[in-house]
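All values below were derived from every heavy atom in this structure, side-chain atoms included, with hydrogens, water molecules and symmetry-related copies excluded.
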Amino acid sequence: MIMLRQANNTYIQYAHLVIGTLAIVAVILSTNLSSLDYNQKRLIEITLIIATLLSSTFLPHRIIENKIRLIQPYLVLLFLGITSSLIAISPKHALIELITFLGLSITIIQLSPVWKIKPFYILIISALFISIVITEVVFFTTYLAYSISGNNFSIHEFFPAFANVRFFNQYQIWTMPYLTFILLHKHTFVKQHHGLLWSIGAAWWLIFFSTGSRGATVSELSALIISWYFFRNHIKSFILITVKLGLVGFITYYLLFNLLPYFLDHDPSALFKSLELRNTTSDRIFLWTKASQFIYQRPLLGIGPMHYALSTTPNMGTLNTITHPHNSLLQWGTEWGLPSLTAVLILMTNGFKKWFKKFNSLSLRNVDKNHSHLIMATTISVISAMIYSLFSGVIVMPASQLTALLPISLMFSLYQSGTTQPLIKPGYLYSAFIVLIAILYFYLLIPDVITILFNDNDIVEIYPHHPRFWLDGNIIIESPNNK
């Protein structure tokens with residue numbers, strides 16, 4: 001009986017490790033391969049979601065603490081989302097969005113146990129560094145080409161794996177604090193390669209500043225301040241290393257993008273213009289005002305998931321064709337309705353209350369330094385991404401959604417560490433529901449997938465595209481007047 005139980009546990013561990021490895025591969029492919037376009041990254045995400053949904057029908061999982069308090073607002077969200085989708089102008093698009101978020105949430109639950117498997121940490125840290133080093137090599141190679149040629153570049157050309165530099169920001173914001181965590185780790189490898197790891201970390205911050213994202217900068221600073229409030233003296237060394245990395249990164253950025261071009265007789269202002277730094281927020285104000293108007297018109301159930309992307313005519317102005325409001329709360333309130341947004345806020349508030357009740361300046365006194373630094377890094381990662389989602393499409397783009405799976409599932413795992421919750425098998429009702437959801441997801445997507453996979457026309461990812469679920473993200477509904 002004991003041997004059978006051990007065999008079952010080994011099988012479950014291997015199964016979760018496979019899911020975790022698939023998630024890592026999905027993140028690496030979607031953030032580093034320039035040969036993959038936006039739609040292909042979405043296909044990778046769809047594949048992972050369907051695989052995880054189906055695996056959740058037979059893999060046992062641990063009971064979540066206070067499950068009832070968590071499941072009630074979650075079921076309210078699901079009910080409101082289904083209702084909003086069915087009455088939307090395009091139920092197909094609304095249901096695709098609904099199932100995507102449902103699939104991502106289940107994937108997070110399915111991934112959380114894999115963090116208890118020690119080899120996974122080695123795998124994820126190796127993958128993180130491979131991803132970062134590849135990005136840095138491409139970035140500095142592009143910069144070298146500028147330095148030699150003297151030609152101007154668009155900042156988008158520094159990040160060929162992303163259709164827009166802001167998509168890179170949405171990915172990078174999740175990763176920033178983990179570099180500090182690695183530098184603080186008491187491991188022989190870190191001590192032996194301290195200089196190299198510092199160089200990689202500083203270069204990552206240089207790239208951070210080169211993108212000129214004010215929202216990302218505000219988000220990172222805000223997350224550090226919020227984390228300091230709860231962790232106090234325990235986070236001092238973490239913040240100190242982060243500030244040092246940021247300072248070295250900013251100084252190096254200034255040298256490379258201002259002083260060096262001057263000495264090379266290049267025009268520094270030309271390169272700064274290529275960075276496309278925005279000096280106004282008029283576009284955000286327009287998008288947020290538009291979202292507020294939608295909320296005023298449809299406060300209860302919203303206009304339908306994904307329906308901010310709805311266009312009644314293909315010939316609208318540029319700002320009108322932008323497919324999301326660049327603000328997660330306004331997006332949710334607009335598309336899902338205010339009751340649904342309230343349920344989301346309740347889930348988030350309760351979650352962070354429990355997190356900081358378990359991890360705070362008092363409780364971290366008796367926690368191993370490596371473990372406490374991991375808690376801090378994860379806290380900063382999730383909070384900074386949440387804040388950045390108020391300025392950018394963090395909850396929209398496939399690379400960001402895939403990357404989010406890892407720190408959020410780690411947060412679940414860290415919170416449940418030290419508990420001995422029993423494993424339970426999925427019930428028949430749950431399994432039947434998930435199988436039906438997976439089949440519906442496949443049915444709704446297969447026409448688009450076939451078009452993408454077998455279309456002979458190459459997609460050129462240029463700035464005028466307005467991505468949402470797919471690269472051309474507008475939901476085009478012909479107005480009766482145009483027929």
Side-chain angles (χ1 to χ4, degrees), residues 16 19-31 38-39 41-57 59 61 64 70-71 73-78 80-82 84-85 93-115 167 170-171 173-174 305-306 324 328-329 331-332 335-336 340-341 343-344 347-348 351 378 381-382 385-386 388-389 392-413 426 430 433-438 440-442 444-445 467-470 473:
H16 284 299
I19 295 171
T21 304
L22 287 175
I24 291 174
V25 171
V27 172
I28 291 292
L29 292 178
S30 64
T31 57
Y38 185 95
N39 288 341
K41 293 175 184 179
R42 186 67 77 182
L43 291 176
I44 291 173
E45 181 185 30
I46 291 167
T47 302
L48 178 64
I49 286 174
I50 292 177
T52 308
L53 283 174
L54 295 177
S55 69
S56 73
T57 62
L59 274 181
H61 63 274
I64 301 172
L70 174 67
I71 206 70
Y74 191 82
L75 289 176
V76 170
L77 270 176
L78 187 59
L80 291 173
I82 292 172
S84 178
S85 298
H93 291 90
L95 287 170
I96 287 173
E97 180 97 331
L98 170 66
I99 298 173
T100 299
F101 279 113
L102 174 65
L104 290 170
S105 64
I106 292 174
T107 303
I108 288 168
I109 301 299
Q110 289 296 105
L111 280 174
S112 61
V114 78
W115 292 98
F167 302 169
Q170 294 157 12
Y171 154 67
I173 198 77
W174 293 101
M306 210 194 293
H324 60 99
S328 56
L329 297 183
Q331 179 178 323
W332 204 275
E335 298 184 337
W336 297 62
S340 181
L341 176 60
V344 169
L347 275 173
M348 290 168 52
T378 303
S381 173
V382 174
M386 285 175 58
Y388 189 44
S389 75
S392 189
V394 174
I395 67 169
V396 175
M397 307 307 167
S400 177
Q401 288 180 345
L402 285 167
T403 308
L405 296 172
L406 298 175
I408 297 177
S409 64
L410 174 57
M411 183 176 250
F412 270 72
S413 180
Y430 169 84
F433 173 72
I434 292 300
V435 169
L436 287 175
I437 286 294
L440 177 61
Y441 198 44
F442 181 81
L444 294 171
L445 288 170
R468 182 64 191 253
F469 193 83
W470 303 116

request  = Using the test side chain to side chain contact (heavy atoms under 4.5 Å, CB included), find all partners of I50 that sit at least two apart in sequence or belong to another chain.
outcome  = I46, L54, Y441
message = Any heavy-atom pair between the side chains of L98 and L102 that's under 4.5 Å?
response = no
query = Between Y38 (side chain) and R468 (backbone), is there a donor-acceptor pair under 3.5 Å?
reply = yes
ask   = Should V396 and Q170 count as side-chain neighbours, where that means a heavy-atom distance under 4.5 Å?
value = no
I395 side, atom CD1; M386 side, atom CE - distance, nearest 0.5 Å = 11.0 Å
query = Hey, is the main chain of L406 close enough, under 3.5 Å, to the side chain of S409 for a donor-acceptor pair?
reply = yes
Over all atoms of both residues, closest heavy-atom pair of I49 and G103 = CG2-CA, 3.7 Å
request  = Please round to the nearest 0.5 Å and tell me the distance separating atom CG of L48 and atom CG of L53.
outcome  = 9.5 Å
query = When rounded to the nearest 0.5 angstrom, what distance separates CG in L78 from CD1 in I437?
reply = 7.0 Å
query = Side chain of S413, backbone of L410: donor and acceptor closer than 3.5 Å?
reply = no
query = Can you list the residues that meet the side chain to side chain contact (heavy atoms under 4.5 Å, CB included) rule with S381, with sequence neighbours excluded?
reply = W174, P177, Y178, P407
message = Could you check whether any side-chain N or O of S84 sits under 3.5 Å from a backbone N or O of G81, counting only pairs where one atom can act as donor and the other as acceptor?
response = no
query = What heavy-atom pair brings V435 and T57 nearest, and what distance separates the two atoms?
reply = CG2-CG2, 4.2 Å
query = Between the side chain of K41 and the main-chain N/O of S30, is any donor-acceptor distance below 3.5 Å?
reply = yes
message = As a quick check of understanding, evaluate side-chain hydrogen bond (donor to acceptor under 3.5 Å, both in side chains) for Q110 and S56, giving each step before the final call.
response = CA-CA 7 Å; Q110 289 296 105; S56 73; 5.2 Å; no
ask   = Taking only residues two or more places apart in sequence or in another chain, which ones pass side chain to side chain contact (heavy atoms under 4.5 Å, CB included) with S340?
value = L77, L80, W332, W336
request  = Quick one: closest heavy-atom pair of S55 and I19, and the distance?
outcome  = OG-CD1, 3.4 Å
Where L43 and W470 come nearest, the two heavy atoms and their spacing = CD2-CH2, 3.9 Å
ask   = Is the number of heavy atoms from other residues, nucleotides or ligands under 6.0 Å of Y430 OH greater than 12?
value = yes
ask   = Which pair of non-hydrogen atoms, one from M397 and one from P467, has the smallest distance, and what is that distance?
value = CE-O, 4.2 Å
inquiry  = Taking the side chain as everything from C-beta on, heavy atoms only, tell me whether T403 gets closer than 4.5 Å to S400.
reply    = no
remark   = Scanning both residues in full, the closest heavy-atom pair of M306 with H93 reads CE-O, 3.2 Å
ask   = At what distance, to the nearest 0.5 angstrom, does CG of L445 lie from OG1 of T100?
value = 6.5 Å
